[in-house]
Amino acid sequence: AFMEQFSFGGFSMAETCYLAYEGLNETFPQFNDNATMFFIKSKVNQDLHLIEERVLAEYESSHEMVIATYKDVVDQLDDNIAGLFATFETLTLFAISNSGLGVGVIMIMNIYERRRELGILRTQGTSRVQVIVSVLGEAFILGVLGLLVAIFLGLAFQLITLSFMTSEGFPPQSFVVPIAIIQNVILY
């Protein structure tokens with residue numbers, strides 16, 4: 001799954017075979033000493049830009065080339081994962097909006113269906129403020145319980161998703177409790 005996310009020079013990395021150049025003709029004689037891709041392993045202290053410049057200076061005039069470093073590949077993967085999670089966050093905000101509207105409609109229906117009970121409370125001496133506090137308290141408790149269940153289920157879903165991604169070959173991602181998103185949900 002990790003390699004399906006990348007392609008270089010029109011070749012999907014998932015459909016690429018990795019061989020030593022010395023064994024190319026033995027395995028694929030039809031290529032006749034022509035490889036389509038090379039990986040260069042550099043030392044930790046080497047300047048990657050200098051290596052890139054040397055490769056381009058030597059081979060660019062005779063070969064069509066795409067040069068990508070390991071960092072480029074990791075950055076591309078991070079961008080793909082960030083886009084995926086941005087989509088999830090958008091869907092989450094849409095779900096929050098829908099659930100907020102749903103709770104509002106439920107509360108309106110609840111009040112409408114309890115008009116008689118609320119009228120009886122008023123005739124027994126309950127003030128308007130007490131009735132309003134009762135209704136708002138019920139809405140608050142319903143909202144808090146819904147929020148706690150949603151946070152628990154969301155974190156469980158995130159853990160399951162990250163475990164599945166790791167088992168499918170994606171690089172391991174850390175489990176993060178999105179405090180900023182939870183704060184936004186609470187404020188929303």
Side-chain angles (χ1 to χ4, degrees), residues 1-16 18 39 42 44 47-49 52 66-115 117-118 121 126-188:
F2 174 76
M3 300 307 265
E4 289 176 2
Q5 305 298 318
F6 307 103
S7 63
F8 294 108
F11 295 100
S12 169
M13 295 298 281
E15 298 171 0
T16 303
Y18 305 97
F39 289 91
S42 66
V44 176
D47 181 9
L48 296 180
H49 294 293
E52 183 177 342
V66 175
I67 296 179
T69 64
Y70 178 77
K71 183 182 179 321
D72 296 335
V73 173
V74 170
D75 288 345
Q76 183 181 357
L77 180 64
D78 283 343
D79 290 344
N80 290 347
I81 290 174
L84 182 67
F85 279 103
T87 302
F88 288 151
E89 289 174 9
T90 302
L91 291 173
T92 301
L93 290 177
F94 181 71
I96 290 168
S97 300
N98 282 341
S99 63
L101 288 172
V103 168
V105 168
I106 288 171
M107 289 308 298
I108 290 170
M109 292 295 292
N110 194 6
I111 293 169
Y112 181 75
E113 290 175 356
R114 290 183 10 202
R115 284 184 313 184
E117 290 86 0
L118 295 174
L121 284 173
T126 305
S127 69
R128 288 179 190 248
V129 173
Q130 288 174 323
V131 171
I132 290 172
V133 167
S134 168
V135 170
L136 291 178
E138 182 181 342
F140 178 77
I141 290 172
L142 183 62
V144 168
L145 289 176
L147 177 67
L148 292 175
V149 169
I151 289 172
F152 173 75
L153 290 177
L155 292 175
F157 180 70
Q158 178 190 15
L159 187 60
I160 290 167
T161 302
L162 292 175
S163 298
F164 175 74
M165 287 172 60
T166 302
S167 71
E168 289 298 314
F170 287 93
Q173 299 290 317
S174 58
F175 178 77
V176 177
V177 178
I179 300 296
I181 293 173
I182 293 172
Q183 288 173 344
N184 289 339
V185 168
I186 291 170
L187 294 176
Y188 186 70

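No more than 12 heavy atoms of other residues, nucleotides or ligands lie within 6.0 Å of OH in Y112, so this atom counts as exposed by the packing criterion.
In this view, V105 and M109 satisfy the side chain to side chain contact (heavy atoms under 4.5 Å, CB included) rule, not counting sequence neighbours. Annotation: side chain to side chain contact (heavy atoms under 4.5 Å, CB included) contacts of T126 (sequence neighbours excluded): L121, Q130, V131. Remark: E89 pairs with no residue by the salt bridge (Lys or Arg N to Asp or Glu O under 4.0 Å) rule, at least two apart or across chains. In this structure D78 satisfies the side chain to side chain donor-acceptor pair (under 3.5 Å) test with no other residue, sequence neighbours excluded. Not counting sequence neighbours, the partners of D75 by the salt bridge (Lys or Arg N to Asp or Glu O under 4.0 Å) test are K71. Partners of Q173 under the side chain to side chain donor-acceptor pair (under 3.5 Å) rule, at least two apart in sequence or in another chain, do not exist in this structure.
The list of side chain to side chain donor-acceptor pair (under 3.5 Å) pairs with a residue in residues 145-158, not counting sequence neighbours, is empty. Residue pairs satisfying the ring pair (Phe, Tyr, Trp, His ring centres under 6.0 Å) criterion with at least one member in residues 77-109, sequence neighbours excluded, are listed as follows: F85-F88. Screening residues 151-166 for salt bridge (charged side-chain N to carboxylate O under 4.0 Å, His left out) gives no qualifying pairs among residues at least two apart or on separate chains. Listed by first then second residue, pairs satisfying salt bridge (charged side-chain N to carboxylate O under 4.0 Å, His left out) with a partner in residues 169-178 number zero, not counting sequence neighbours. Among residue pairs with one or both ends in residues 135-150, those qualifying as salt bridge (charged side-chain N to carboxylate O under 4.0 Å, His left out) are R114-E138; sequence neighbours excluded.
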Identify each donor-acceptor pair in which a side-chain atom of residues 141-154 lies under 3.5 Å from a protein atom, sequence neighbours left out, and give them as a table.
none

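Considering all non-hydrogen atoms of both residues, P172 and T166 come closest at CA-OG1, 3.9 Å. Among all heavy-atom pairs drawn from L162 and S174, the shortest one is CD1-O, 3.7 Å.
Atom CD of E117 and atom CD1 of I111 lie 12.5 Å apart (nearest 0.5 Å). Rounded to the nearest 0.5 angstrom, L91 CG and N98 CG are separated by 11.0 Å. With rounding to the nearest 0.5 Å, the separation of CG in L93 from OG in S97 is 6.5 Å. For the atom pair CD1 (I132) and CG (L118), the distance works out to 10.5 Å, reported to the nearest 0.5 Å.
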Notebook entry, point to check: After noting the C-alpha distance and the side-chain angles of V135 and N110, does the key distance pass the side-chain contact (heavy atoms from CB on, under 4.5 Å) rule?
Noted result: CA-CA 9 Å; V135 170; N110 194 6; over 6 Å; no

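At a threshold of 4.5 Å between non-hydrogen side-chain atoms, the residues M165 and T161 count as touching.
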